[in-house]
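See below for the structure under consideration.
All residue numbers refer to positions in the sequence shown, counting from 1.
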Amino acid sequence: MSYLMTTLTKKREVDTIIRDTIDKVLVLRFGRASDPVCLHLDDLLRKSSREVSKFATVALVDIDSEEIQVYVNYFDISFIPSTIFFFNAHHMKMDSGTADHTKWVGAFQKKQDFIDVVEAIYRGAMKGKLIVSCPLPSERIPKYQLLYKDV
């Protein structure tokens, strides 16, 4: 389903969409078009994009592209899919009860879960917040183990 959505493969494209998306949440899904979990999330994002189109823009970022590795390293993307949110070129963070507030790791279980998260980020951003609380119950938040290298 990734062929139906905007897919970014160059650093310049990512920089431009972050800079030019004004008064909307920018949702960037980092992953691979060949990964089954990414395909599931892509389908969910595609189905949800119309409902969130008034307050969000969704784009896919191919992590296999050489130029994108700058962002992969900066955001410490070690699990895919990872979804990162921006508002007016500011990185939006979400406290979902996991150790990492900078991104959503894994797929959303339901279309409504994604819409609720994006809406919460939009409402918080409109109030000037850079971190918001996750509106989802803890059983619908993906859990994973963080592994730190050289610690």
Side-chain angles (χ1 to χ4, degrees), residues 1-11 13-15 17-18 21 24-53 55-87 89-125 129-151:
M1 291 301 155
S2 60
Y3 59 88
L4 298 174
M5 300 181 66
T6 303
T7 302
L8 310 172
T9 57
K10 295 183 175 26
K11 181 184 181 303
E13 294 172 342
V14 176
D15 292 341
I17 199 167
I18 290 172
T21 305
K24 282 186 168 187
V25 174
L26 174 62
V27 180
L28 294 179
R29 190 278 289 149
F30 285 78
R32 292 185 181 94
S34 61
D35 184 70
V37 179
C38 290
L39 288 174
H40 168 72
L41 180 58
D42 292 351
D43 185 49
L44 194 135
L45 295 175
R46 184 188 55 79
K47 289 177 182 175
S48 308
S49 61
R50 187 156 188 246
E51 283 95 336
V52 299
S53 64
F55 56 90
T57 302
V58 180
L60 311 177
V61 181
D62 180 17
I63 65 164
D64 291 328
S65 173
E66 278 299 316
E67 291 187 42
I68 299 299
Q69 295 308 308
V70 172
Y71 284 110
V72 171
N73 293 331
Y74 181 77
F75 290 115
D76 191 27
I77 296 171
S78 50
F79 297 110
I80 60 169
S82 289
T83 308
I84 301 178
F85 304 95
F86 292 89
F87 186 82
H90 291 284
H91 181 201
M92 296 297 297
K93 298 169 184 69
M94 183 175 49
D95 182 4
S96 57
T98 62
D100 191 358
H101 301 316
T102 61
K103 59 189 167 285
W104 181 274
V105 177
F108 293 91
Q109 291 183 8
K110 302 179 191 172
K111 179 174 121 174
Q112 192 59 47
D113 290 348
F114 171 71
I115 294 170
D116 291 346
V117 165
V118 173
E119 186 177 358
I121 289 172
Y122 178 74
R123 290 176 188 260
K129 297 180 180 180
L130 293 176
I131 187 167
V132 298
S133 296
C134 182
L136 302 179
S138 61
E139 62 269 5
R140 293 207 313 256
I141 298 171
K143 304 288 187 236
Y144 57 94
Q145 288 290 332
L146 288 177
L147 301 174
Y148 293 101
K149 296 178 186 173
D150 303 325
V151 175

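The two residues Glu119 and Arg123 make their nearest non-hydrogen contact at OE2-NH2, 2.6 Å. Here the closest non-hydrogen pair linking Ser48 and Ile115 is CB-CG1, 4.2 Å. Looking at every heavy atom in both residues, Lys103 comes nearest to Ile84 through CB-CG1, 3.8 Å.
In this pair, Phe75 and Phe86 present their aromatic rings perpendicular. The plane angle is above 60°, beyond the 30 to 60° band. In this pair, Phe55 and Tyr122 present their aromatic rings tilted. The plane angle is within the 30 to 60° band.
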Under the side chain to side chain contact (heavy atoms under 4.5 Å, CB included) rule, what do Glu51 and Lys111 come out as? Steps first, then yes or no, please. CA-CA 10 Å; Glu51 283 95 336; Lys111 179 174 121 174; 2.7 Å; yes
Does the side chain to side chain contact (heavy atoms under 4.5 Å, CB included) test come out yes or no for Leu130 and Lys93, once each step is laid out? CA-CA 6 Å; Leu130 293 176; Lys93 298 169 184 69; 5.7 Å; no
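Between the side chain of His91 and the backbone N or O of Thr102, at least one donor-acceptor pair lies under 3.5 Å. A donor-acceptor pair is defined here as one N or O able to donate and one able to accept, closer than 3.5 Å; such a pair exists between the side chain of Lys24 and the backbone of Ser53.
When each of Leu8, Leu60, Thr57 is paired with Leu28, the side-chain contact (heavy atoms from CB on, under 4.5 Å) condition holds for Leu8 and for no other. The only member of Leu41, Leu39, Leu45 that meets side-chain contact (heavy atoms from CB on, under 4.5 Å) when paired with Pro81 is Leu41.
Inter-residue side-chain proximity for Val61 and Tyr71 is flagged as unmet; no heavy-atom pair is nearer than 4.5 Å. Side-chain contact between Ile80 and Val37: absent, with no pair of heavy atoms (C-beta onward) separated by less than 4.5 Å. Residues Leu26 and Ile18 are in side-chain contact: their nearest non-hydrogen atoms beyond the backbone lie under 4.5 Å apart.
Using a 4.0 Å cut-off between a side-chain N of Lys or Arg and a carboxylate O of Asp or Glu, Arg46 and Asp42 do not qualify as a salt bridge.
Judged by distance alone, the side chains of Gln69 and Asn73 never bring a donor and an acceptor atom under 3.5 Å apart.
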